[in-house]
Number of protein chains: 4
Amino acid sequence: MSPSPERRRELLATAAEVFAAQGYDATSVRRIADAAGMLAGSLYYHFDSKDSIVEEILRGFLDELWGRYDTVLAAGHEPRETMRALVTESFREIDRHGPAVAIYQKESKALAARERFAFLAASQRKFEQTWLTTLQEGVAAGAFRADLDIRLTYRFVRDTVWVAASWYRPGGRHSPEEIAREYLAMVLDGIAQPHHP
Amino acid sequence: MSPSPERRRELLATAAEVFAAQGYDATSVRRIADAAGMLAGSLYYHFDSKDSIVEEILRGFLDELWGRYDTVLAAGHEPRETMRALVTESFREIDRHGPAVAIYQKESKALAARERFAFLAASQRKFEQTWLTTLQEGVAAGAFRADLDIRLTYRFVRDTVWVAASWYRPGGRHSPEEIAREYLAMVLDGIAQPHHP
Amino acid sequence: MSPSPERRRELLATAAEVFAAQGYDATSVRRIADAAGMLAGSLYYHFDSKDSIVEEILRGFLDELWGRYDTVLAAGHEPRETMRALVTESFREIDRHGPAVAIYQKESKALAARERFAFLAASQRKFEQTWLTTLQEGVAAGAFRADLDIRLTYRFVRDTVWVAASWYRPGGRHSPEEIAREYLAMVLDGIAQPHHP
Amino acid sequence: MSPSPERRRELLATAAEVFAAQGYDATSVRRIADAAGMLAGSLYYHFDSKDSIVEEILRGFLDELWGRYDTVLAAGHEPRETMRALVTESFREIDRHGPAVAIYQKESKALAARERFAFLAASQRKFEQTWLTTLQEGVAAGAFRADLDIRLTYRFVRDTVWVAASWYRPGGRHSPEEIAREYLAMVLDGIAQPHHP
DNA sequence: CATGAATGAGGGTTCATTCAT
DNA sequence: AATGAATGAACCCTCATTCAT
């Protein structure tokens with residue numbers, strides 16, 4: 001539609017930041033336009049609607065994420081390594097597209113109920129499948145404890161990873177790889193001192 | 001203020017469910033009134049404003065929660081037991097007031113910026129203090145690994161616990177105590193099989 | 001309707017004060033009820049509606065006023081004395097029912113357009129008639145200047161008298177009779193020093 | 001703010017007429033929009049709020065008025081001439097901005113209590129100062145009667161001048177200068193035939 | 001590309017009024 | 001006589017969206 005995809009990308013980045021900071025419903029189109037240095041009406045030259053803006057933000061994020069996830073999964077690692085790679089890619093995604101992830105984390109549940117955002121529900125199902133499979137295979141292979149409640153563990157893992165988007169700031173003290181390592185250490189081996197009485 | 005606290009409590013429960021399901025900003029006062037079987041204007045006989053409704057929901061939740069937390073902390077357990085008790089109380093609170101916790105989890109960041117909701121920021125600081133202290137004492141006592149990044153661990157723990165409010169349904173397959181146990185097993189001892197190569 | 005006319009009169013006095021202080025439209029029924037120490041709905045035991053309250057206030061004021069005016073007019077004084085008596089009665093009315101007069105002064109123009117308040121327009125016409133006649137007779141009798149613009153003078157006189165209700169406080173430094181005397185001195189003989197060059 | 005001051009001025013004139021006719025509180029924003037041939041919401045493209053509309057109307061009126069008053073006062077006339085000039089300017093202002101003056105006359109007392117409209121109270125104080133000084137100097141110079149009650153006279157003069165806005169119609173039988181002359185004749189020399197027994 | 005001006009729906013809220021108790 | 005609770009209409013205002021320029 002618009003002849004300048006760069007301007008589009010700039011506007012999407014601006015919108016994502018505002019959406020992430022204030023919430024989708026609480027953010028007015030005018031607020032985004034202000035941040036972009038234009039009038040509200042002018043945004044409609046670039047986008048069809050407010051909905052289409054979040055949609056594009058979320059699709060962009062999920063497309064990129066699944067590109068990386070699929071590469072990881074196609075590599076056919078053993079479960080522990082698969083988990084490590086998925087978690088690392090997730091934190092990298094937070095590093096690259098923090099606002100988009102924050103929007104996904106906060107708004108996707110409400111948005112997914114609407115037809116336009118059915119892709120969110122689809123992605124979520126695929127996500128769940130991926131993790132459940134990985135965890136099950138890990139248990140089967142003896143890499144993970146045999147007494148794990150797989151669904152519960154999946155939920156904990158999923159939430160902790162994404163919720164990091166709400167506090168992570170790029171360029172801060174920890175690189176995404178460091179955070180991933182720390183997180184995996186906690187989840188895999190626990191925070192308790194092993195042979196403590 | 002209003003001499004019928006029962007009706008108030010009913011209305012607060014109704015409002016909490018709607019807020020939790022749709023988000024605070026996306027929920028109109030009319031929507032709440034519908035769910036309560038009355039007209040929008042009638043809500044204003046019981047409450048001053050939409051803001052005052054969430055405020056009361058959140059204050060009620062935090063007051064009860066801190067009552068229990070303070071009891072735990074006053075008991076002077078060793079760090080591992082303190083952690084166990086705090087996590088268990090948290091899941092119990094989710095069991096009792098799921099919607100309130102979900103609202104807290106999703107909206108408190110945006111709300112806390114407003115003067116009216118300064119108590120949210122205060123509670124958050126106290127929360128952080130409590131966990132950081134518990135973790136530090138645990139490390140000092142040799143109960144937790146010496147190489148923990150305390151702040152990072154705090155964030156992971158905090159988020160995973162509260163985010164459970166978004167999927168937990170009371171009366172489901174798992175009691176809050178079971179979920180707490182499972183969660184603690186994961187966080188304390190990890191999900192990895194201990195002596196796996 | 002109500003078996004206690006005293007309570008009614010109290011309530012009317014209270015309402016008149018609030019209406020005078022804040023304006024009819026800006027005053028809510030609840031505000032009046034607050035001032036009377038009851039709930040808004042309870043007022044409807046005594047009165048049919050908000051309109052009926054002002055109506056009763058204004059009718060009471062005009063009935064009393066016209067009672068006095070009619071007595072003055074029936075006395076058949078010469079024009080100057082008639083004017084003096086009318087002005088004095090007006091300031092006495094302000095002294096007795098200041099709030100009612102203030103309401104009349106501020107709201108009657110807007111209210112008079114409505115059928116229910118047609119008596120206001122009727123009173124205004126009678127008022128105008130009375131003053132025009134008095135002034136004309138005064139001119140004819142040589143008591144007032146021959147070159148007066150009667151209608152203009154009527155308007156000035158009418159407005160200045162009633163507008164005093166907006167600042168007059170009973171029990172203040174000036175009695176209504178004093179104010180009337182001062183006012184008449186100004187209007188009849190002017191404020192200028194007679195033989196000033 | 002808005003780059004089309006003409007439209008703004010048109011809308012302000014329309015709003016002033018409606019406010020003057022019905023009263024500020026009794027006038028809905030929708031009513032103004034109707035009179036302007038647009039929808040209620042559209043007014044908010046031009047103005048921040050209903051309050052800001054009256055504010056701009058009243059500020060415009062007072063700014064212009066004080067511009068003229070200050071010129072008169074700076075000329076250093078003798079008291080009688082000052083009074084004549086002030087009254088004449090007042091009626092001219094009514095001629096030019098009748099609705100604004102009518103709003104000022106009817107609503108300023110209630111509005112002045114609010115912080116936003118503090119400039120009304122300030123103007124009123126300056127107004128009072130100006131008239132009291134003029135009258136006092138007139139008495140001192142022997143131009144006005146020595147036995148005048150200055151404050152009382154000020155109130156009468158102030159009210160009669162402004163209250164004329166409630167009946168004056170531009171383009172009618174009397175020019176503002178004629179009305180001023182008639183008014184001054186009454187106030188200065190009285191309406192009584194001088195040597196009447 | 002962007003603006004200026006408007007629309008129409010819906011937002012939170014207030015209010016006069018009603019009525020069973 | 002008065003309360004407690006509710007109604008329904010209207011209020012001021014915000015918002016996503018449109019479109020001629």
Side-chain angles (χ1 to χ4, degrees), chain A residues 1-4 7-8 11 24-33 36-53, chain B residues 1-4 7-8 11 24-33 36-53, chain C residues 1-4 7-8 11 24-33 36-53, chain D residues 1-4 6-8 11 25-33 36-53:
Chain A
M1 178 195 244
S2 161
S4 162
R7 189 84 177 98
R8 250 179 116 77
L11 292 172
Y24 181 63
D25 292 289
T27 300
S28 71
V29 165
R30 222 177 108 195
R31 178 73 189 70
I32 297 172
M38 52 174 28
L39 292 181
S42 310
L43 272 177
Y44 287 79
Y45 177 78
H46 301 276
F47 303 100
D48 283 344
S49 65
K50 190 185 172 187
D51 275 354
S52 84
I53 296 177
Chain B
M1 179 188 261
S2 172
S4 165
R7 189 80 177 100
R8 253 180 115 77
L11 293 172
Y24 181 63
D25 291 291
T27 300
S28 74
V29 164
R30 273 159 181 110
R31 179 74 189 70
I32 296 173
M38 54 179 15
L39 292 180
S42 308
L43 273 176
Y44 288 79
Y45 179 76
H46 301 276
F47 304 99
D48 283 342
S49 64
K50 189 186 173 189
D51 275 355
S52 85
I53 297 178
Chain C
M1 180 195 239
S2 161
S4 162
R7 189 83 178 100
R8 251 180 112 79
L11 292 173
Y24 180 64
D25 292 289
T27 300
S28 72
V29 165
R30 221 177 109 195
R31 177 75 189 69
I32 297 172
M38 52 177 21
L39 293 181
S42 309
L43 273 177
Y44 288 79
Y45 177 78
H46 302 276
F47 304 99
D48 283 343
S49 65
K50 191 186 173 188
D51 275 354
S52 84
I53 297 177
Chain D
M1 180 191 258
S2 169
S4 164
E6 296 175 38
R7 189 82 178 101
R8 253 179 115 78
L11 292 172
D25 291 292
T27 299
S28 72
V29 164
R30 236 176 93 193
R31 178 74 188 70
I32 296 172
M38 55 180 12
L39 292 181
S42 308
L43 273 178
Y44 288 81
Y45 178 76
H46 301 277
F47 304 99
D48 283 342
S49 65
K50 190 186 172 188
D51 275 355
S52 84
I53 296 178

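Just so we're on the same page: letters track the sequence lines, and every chain starts at 1.
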On a heavy-atom basis, which atom in [X] and which in [Y] lie closest, and how many Å separate them?
{"X": "A:S52", "Y": "A:F47", "answer": "OG-CB, 3.7 Å"}
{"X": "B:R7", "Y": "B:A36", "answer": "NH2-O, 4.0 Å"}
{"X": "A:L43", "Y": "A:I32", "answer": "CD1-CG2, 4.0 Å"}
{"X": "A:D25", "Y": "A:K50", "answer": "O-NZ, 4.0 Å"}

- Task: Check whether the side chain of B:R30 and the base of E:dG12 form a donor-acceptor pair under 3.5 Å.
- Result: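 In this structure, the two groups form a donor-acceptor pair.
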- Task: Would you kindly compare B:G37 and D:D25 by the position of their nearest DNA chain F nucleotide and give the one closer to the 5′ end?
- Result: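 Between the two, 5'-proximity favours B:G37.
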- Query: Toward the 5' end of DNA chain F, which comes first, D:S49 or A:S49, by nearest nucleotide?
  - Reply: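 Its nearest nucleotide being more 5', the pick is D:S49.
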From [atom1] of [X] over to [atom2] of [N], roughly how many Å is that when rounded to an integer?
{"X": "C:D51", "N": "E:dA16", "atom1": "CG", "atom2": "C1'", "result": "10 Å"}
{"X": "D:L43", "N": "E:dG4", "atom1": "CG", "atom2": "C1'", "result": "15 Å"}
{"X": "B:K50", "N": "E:dT14", "atom1": "NZ", "atom2": "C1'", "result": "17 Å"}
{"X": "C:R8", "N": "F:dA1", "atom1": "CZ", "atom2": "C1'", "result": "14 Å"}
{"X": "C:I32", "N": "E:dC15", "atom1": "CD1", "atom2": "P", "result": "12 Å"}
{"X": "D:F47", "N": "F:dC13", "atom1": "CZ", "atom2": "P", "result": "13 Å"}

- Position toward the 5' end of DNA chain E (nearest nucleotide), C:S28 or A:L39: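 Mapping each residue to its closest nucleotide by heavy atoms, the 5'-most match is A:L39.
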- Query: Closest nucleotide of DNA chain E for C:V29 versus for A:L11: which of these residues is on the 5' side?
  - Reply: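 The 5'-side residue here is A:L11.
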Closest approach to the side chain of [X], judged atom by atom: which nucleotide of [options] is it?
{"X": "B:Y45", "options": "F:dT7, F:dA5, F:dT17", "value": "F:dA5"}
{"X": "C:M38", "options": "E:dA6, E:dT17, F:dA2", "value": "F:dA2"}
{"X": "C:Y44", "options": "E:dG4, E:dG11, E:dT18", "value": "E:dT18"}
{"X": "C:A40", "options": "E:dA5, E:dT17, F:dT14", "value": "E:dT17"}

Could you tell me whether the phosphate oxygens of [N], OP1 or OP2, come under 4.0 Å of any side-chain nitrogen or oxygen in [X]?
{"X": "B:S42", "N": "F:dT7", "result": "yes"}
{"X": "C:R31", "N": "E:dC15", "result": "no"}
{"X": "B:H46", "N": "F:dA6", "result": "yes"}
{"X": "D:R7", "N": "E:dG4", "result": "no"}

State the pairing partner of [N]; accept Watson-Crick or G-U wobble contacts with both distances under 3.5 Å, and report none otherwise.
{"N": "F:dG8", "value": "E:dC15"}
{"N": "F:dT14", "value": "E:dA9"}
{"N": "F:dT21", "value": "E:dA2"}

- Please work out if C:S52 contacts a base, only the sugar-phosphate, or nothing of the nucleic acid, heavy-atom cut-off 4.0 Å.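 Nothing, no nucleic acid heavy atom in range.
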- Message: With heavy-atom distances below 4.5 Å as the criterion, would you say the side chains of C:L11 and C:M38 are in contact?
- Response: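 Answer yes - side chains close enough.
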- Item | Verdict with reasoning, C:I53 to C:Y24, per side-chain contact (heavy atoms from CB on, under 4.5 Å) | CA-CA 10 Å; C:I53 297 177; C:Y24 180 64; over 6 Å; no
